[in-house]
Structure formats: C-alpha cells, structure tokens
Amino acid sequence: MRNHTGAPAALALAALFAAVPPSPARAAEAAPRCAAHDALRRPFFGDLHVHTAYSFDASTQDTRNTPRDAYRFARGDEIGIQPYDGEGRATRRIRLSRPLDFAAVTDHAELLGEVQLCTTRGSPAWRHPVCIIHRNLPWLAFRMIATRTLHSKKRWGFCGQNGAICRISARNVWRDIRAAAEEANDSSPACRFSSFVGYEWTATVDNGRNLHRNVIFKNEKVPERPASWVETSSAVELWDRLQADCLDGSPGCDAITIPHNSNLSGGLLFETASLQSGEDAGAPFEPGRAKRRARFEPLVEIMQHKGDSECDDRAGFGDDEACGFENLPYGSFGAKFTPFSREPAPGRSSFVRGALGIGLRLQAAIGANPFRYGIIASTDTHIAAPGLTAERGHPGHGGAGLGAGGDVPAGFPDDLEFNPGGLAVLWAEENSREALFAAMQRREAYGTSGTRPLLRFFGGWNYGENLCQAPDFAARGYAGGVPMGGALPPAPQGEAPAPSFAVWALQDPGSESQPGSRLQRIQIVKGWFDGELSRERVLDVAGGPNDAGVDMATCQPTNPEAGAKQLCAVWRDADFDPNAPAFYYARVLENPTCRWSQYVCNAAGVNCARPGSIPKELRGCCAEEHRPIIQERAWTSPIWFTPAHKESAP
C-alpha cells in the first residue's frame, strides 16, 4: 500500500475528472442532454428525504412551507421557518450557503388527504374534533394519528365511506407535489437543478419499529396516487403496487425504494420484505424475492437527522472506535415516545454494516443477495429545508424532534440526540434526471454526514501503486476495474490473486460562513463470509491519527494545519480468500469539529464548571450523554466480490 497527501488541489481535481474519450459501453448509457456532460462523471450533491407542510408530522408544529418552498430553498433561495406570528409571517429566514444539485420532496403518503382536509378552512373536516386538535395541540394529534393510522391502519370518520374523501384529497395533493417537482426541474441545457417526484412509505409495526422507505421516481411519469402503508401490508406489496402502477402500468415510469433509519427498526428492517410484524422475524429468504429486493432497493440511507445507521459501538462491531457516531439511545420510535418502556440499544441487525454481512451469508446460502446496497445520506428535514446540514446555526429539523427554532430559542432547537443530517452524492455524466437516476440504480453513490468532501473509490485486479500520482486517476480507475457500487469481475488469467482498491478524497472547501475541515484518514471496511460467520476488518489506508483538536469554548481548531487537504491510497487485500464472498467500502474521517449543540451552549454562555451559568433548558450541555465534538465523515457504496461458483445475477 502507498498513500499520498501532498498533491496540489489542481492536480487532484484533474486526476478525479480528467477527460478521455468514453468507452462504447459508457457512451451508450445516456445520450447527452446537458451542455455540461462528462463521460468520466462528476459528483452531484443532493437530498432525497425532504418533508413539507403536506406531511402529518410537520404540518402544524414545524412548517407552513410547501414543496415549492423546499425546491426554492434547495436551489439557493431564502425561506422562512417557524415560529409564525398571528399573521403567518415567519420570524426567521434561512438560506443554504451552497445550493444543491438535486432534491426530492418525500412527504408521507399516509395522511396526505387528512392533513389537507384538516388545514383547509371550509373543508368537510375543518370542524372535526381530530382536525381541531391537529391545528391546536399538534403533539396530541401526532400521537392520535400515528396510533390510529400507522399502527392500526384505520382512517378517521371524516374520511367517509372506505376513506373515499381522504383518498380524493390525497390525489389532489399528489398532483400538486408532482407539479412542484416539474416546475423546479431545469430541463434546459443548463441543467442547473434536478428534482425527483417521490414520497415516503411509512410502515411501522409493533411498538413503533420502523420499516420506512422513500420512493423515488425516475421522471414525471408516475402513478395517479402514491401507495401508502394503510393500503399495503408489507414492502413486497409496495413493490407489487409499483410494478403494476408504474413499471407495467405507465410507459416510461420507473422507481426505486430507499430504506432509512434501520437504527430505529428494532432489527426488523433487514428481515424478509414480506414481514408484517415482529412475529415474522426469522422467516426464510426466498431467492426470487431476494433478487427482486435488490432490483427495487439499490440504495440505503446510512444517516439522517435521526441518527447514524452504519454501526454502533454497543452492538458488537469489534474495536471500530468510529462506530460511536451520532448513535441514538433507543432502538425504535416507540421506545423514544414511551421512555418508561425503552428497549435496549439495537443489535448488529439494525445497522447497514450488519445487513451487508447478512447479504454475504444469504449469497452463499441461496445464491442471491438482497442487501447489495449502495450508500447515501439525507436530512429527513421536516421544515422543507433540504441540504441544511451545517452544524453552526442548526435550527432543528422537526418531525419526531422539537419544532423548528425561531430567532433565539430559549433552549435547544431540536432533541439533543438528533443532528443536522447528511447528503446524498451521485456520480453521473450530467445533472439530469436520467443520468442521476441511472447512478442510483448502478449504486455509484456515496453519503456524507453533511459536509462535502469529494470521494472516488475503484476496485480491480491490477491497479499499480503509482495510480495516485497519475493525472488520469479516474480514467484508469474505470478502465482497470469498477467504481463504488460495482461488482468485481473474475480475476483475469495471470493477474495477481488478490484485488486492489484505489481511493481518493479531497477536503470539502466549505463556504465563507462555514469553512471546511481537513481530512484525518481514509479507512477501508472489509466484510467477508468464511462459511460459518460474517466477519469484518477496518483498516487505515491513508492519513491516520493526528493532533488536530477543538477549543470547545470557541469551537476554533487548536491545530488548523493538522490533517490533509487530500488523501489517496492504493491498497491490496493480502488476506483475500477467493472462495469467500466479500464487500469493501471506504470511509473518510475529517478532523474533529464542534457539534451543533455545542454552538448553542457556547452562544448561551454555558460553562459546565460554573453551575450558575447553566440555564434549566440547557442542562443537556453538561450532561454525560452530550457529545460536544463530532468527526464528520463520508461513506462510499461498497464494491462486492462473489466467487464464481456462488454468483447469481440480482
């Protein structure tokens, strides 16, 4: 292995994006639509998990902002957030320091119609007691609605016979969501912004164990109505509906589903997709359904504002110290809202790395891997603020947490265990729906915890140790192997009997108001199945521990020159077993910085050594569970190896 840290940024960028004539295979993937088209692909930053006032858990407490407001914000416009005065004017204005390249509004399919009826003066439901509670006692309404609709799958009486009134209202709201996406999408050759039509399928079983998925459509050709949890009993039924209403029922329609918050699923999200309750856990996987799952779910959301889902240092992930990152103290939504019955911290099966290992075992056992996931992150904002991931000035994302903060909140603007969320990054030829959706399907994607480092990852059989110094790093990466999200082909005859991996990262340059942090290290996480157990190792391949620090009182770095602006390494797996299915993904760690909550504590003048300086509402600043410092990061999609005798196309 050789790693490099000192190449100038200009050389690094040239290597990442050096243009060469495209191969026939790549040239055939998509005809250029945009004026800026790169055969070697570029990274586009976005957010595929965004809620607005059309979602039941955001409509009263968190925001009055609509999908149109969310897309305006993503493109760089200013919007207002809560609280509102009596005339409906926002008292705080926010704007992204750097616009996004793409976004999808994913309001809950459940209760779309009910929310519209309850918040529209003069509607048939306006004076219904549930709607009055919804407008005036949002937290009570949240619990009532969540219990009746998400748990019992029943509608309120004002929905009419068989829910007809609410279904008609939901269809009208869905039309508006679709129209907002069409208005936001830049279909000119400039391709400044891409929007996707989408929604969230909010399946919840038992004591609030989450099976949620975001549904993302390729283009404007979508079903007439979103399929909700009320009408479908499992993920399999969701895919049946998408197959019938989209893939088969609407020419040109295509869709994927993206599971999220496995950390709140109580271990159920990575069970069989036909699961309808915890009693179904442990049911066997069937090869055909496993392949279908891999087709519909090429991506998983590894992080958002309700925690990290990569791994948890309490759940048996070995000595990986970086697993102690934005973990929640509970393992389901139900455990959060009923603390007296909190469950123990979730186990390995609640986390993405655990699922990747389960997938290897299933590949060996049934010849199909349902968990061949690519990696993204997003915000799950409930204030219609996609991409709002900065730690400094974080107003809270609402939803299951506190309502969005106003001018100067008296306490924390969000639940202390939550965070500003992450971003999805797609490597695509251009910023068009077609190219970005193709990147999602082939899993050439990575997620970040909110910052914007650039990251490339390739796997092959014959990368030389001098690849990091090559001015055409990306071109050689594609020519000699597969990018993140790909599957290693069989080793060519006469090549080295072990795969090699090339990874290159560039520091997030930041913005004037939010400067970027230097990189501390690149790690490769390897998982493999040895015939009995799924195993894993975490290896530092570039950079390493340094003396970077943070002054918690000022949030300024104590050694700003520590770390690297860019890192690169070529690593060969010397312990490779050609008979063992395996995955490899890269993780980039930045230098430590202040967490959003520490900025709040400092602004209020909290000094934990002086009890008199600690307001009651900010006691969390000095609580044992408070994490004042974080280490921002990025995760690539894995690259897989499957022995030839165990291979079966997904």
Side-chain angles (χ1 to χ4, degrees), residues 208 261 263-264 266 303-348 350-351 391-397 399-402 405 409-422 449-450 520 545 547-558 589-633:
N261 280 121
N263 62 328
L264 289 170
M303 183 185 175
Q304 54 123 282
H305 92 99
K306 292 192 289 293
D308 169 59
S309 294
E310 180 199 8
C311 55
D312 188 319
D313 57 4
R314 302 164 296 178
F317 285 96
D319 58 357
D320 183 2
E321 61 185 23
C323 280
F325 176 71
E326 294 299 335
N327 298 139
L328 299 184
Y330 39 82
S332 71
F333 284 113
K336 171 179 173 58
F337 294 121
T338 54
F340 55 86
S341 63
R342 283 192 174 181
E343 303 159 355
R348 285 180 58 90
S350 288
F351 294 92
E391 301 287 333
R392 185 182 301 166
H394 175 51
H397 277 309
L402 299 174
F412 293 111
D414 206 347
D415 290 359
L416 190 59
E417 69 266 32
F418 292 165
N419 68 86
S449 61
Q520 185 195 78
D547 56 358
V550 186
D551 182 342
M552 289 204 309
T554 65
C555 287
Q556 294 299 310
T558 55
L589 302 180
E590 299 181 10
N591 281 343
T593 53
C594 268
R595 192 174 187 265
W596 69 270
S597 49
Q598 187 61 25
Y599 282 111
V600 174
C601 298
N602 289 348
V606 172
N607 183 337
C608 294
R610 293 190 295 107
S613 73
I614 310 171
K616 177 180 178 181
E617 60 272 14
L618 290 177
R619 287 176 180 170
C621 294
C622 305
E624 183 178 351
E625 63 271 18
H626 181 224
R627 303 179 294 265
I629 304 299
I630 61 166
Q631 200 166 10
E632 304 279 13
R633 59 199 60 201

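Put simply, the side chain of Phe325 reaches to within 4.5 Å of the side chain of Ser449, judged on heavy atoms. Within the 4.5 Å cutoff, no side-chain heavy atoms of Ile630 are placed close to those of Pro592. Under the 4.5 Å side-chain criterion, counting only non-hydrogen atoms from C-beta, Asp320 is in contact with Cys311. Contact of the His397 side chain with the Phe418 side chain is not registered, since no non-hydrogen atoms from C-beta on lie closer than 4.5 Å. With contacts defined as side-chain heavy-atom distances shorter than 4.5 Å, the pair His394/Tyr599 does not qualify. Under the 4.5 Å side-chain criterion, counting only non-hydrogen atoms from C-beta, Glu417 is in contact with Lys336.
In terms of heavy-atom proximity, Phe412 sits nearest to Val600 at CD2-CG1, 4.0 Å. Minimum heavy-atom separation, Leu328 to Asn263: CD1-ND2, 3.7 Å. Annotation for Gln598 and Cys555: closest pair CG-SG, 4.2 Å, computed over non-hydrogen atoms. The two atoms that bring Gly347 and Ala315 nearest to each other are C-CB, 3.8 Å, heavy atoms only. Of all the heavy atoms in Glu391 and Trp596, the pair that sits closest is OE1-N, 2.8 Å.
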Report, one line per pair, each donor and acceptor closer than 3.5 Å where one atom sits in a side chain of residues 619-626; sequence neighbours left out.
| residue | atom | partner | partner atom | Å |
| --- | --- | --- | --- | --- |
| His626 | ND1 | Cys621 | O | 3.0 |
| His626 | NE2 | Ser597 | OG | 2.7 |

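Atom CD1 of Ile614 is separated from atom CG of Asn607 by 7.5 Å, given to the nearest 0.5 angstrom. From Leu416, atom CG reaches atom CG of Leu618 across 9.5 Å, with rounding to the nearest 0.5 Å.
Not counting sequence neighbours, the partners of Gln631 by the side chain to side chain donor-acceptor pair (under 3.5 Å) test are Gln520. Here Arg595 pairs with Glu326 under the salt bridge (charged side-chain N to carboxylate O under 4.0 Å, His left out) rule; sequence neighbours left out. Not a single salt bridge (charged side-chain N to carboxylate O under 4.0 Å, His left out) links Glu632 to another residue, sequence neighbours left out. In this structure Asn419 satisfies the side chain to side chain donor-acceptor pair (under 3.5 Å) test with no other residue, sequence neighbours excluded.
Remark: side-chain polar atoms of Asn261 are paired, donor with acceptor, to backbone N or O of Lys306 under 3.5 angstrom. Not a single donor-acceptor pair under 3.5 Å links the side chain of Ser332 to the backbone N or O of Gly266. Under a 3.5 Å cut-off, the side chain of Asp312 and the backbone N or O of Arg314 do form a donor-acceptor pair. At distances below 3.5 Å, at least one donor-acceptor pair connects side-chain atoms of Asn602 with backbone N or O atoms of Met552.
The number of heavy atoms from other shown groups lying within 6.0 Å of CG (Asp551) is above 12.
Note on residues 596-611: no pairs pass salt bridge (Lys or Arg N to Asp or Glu O under 4.0 Å), not counting sequence neighbours.
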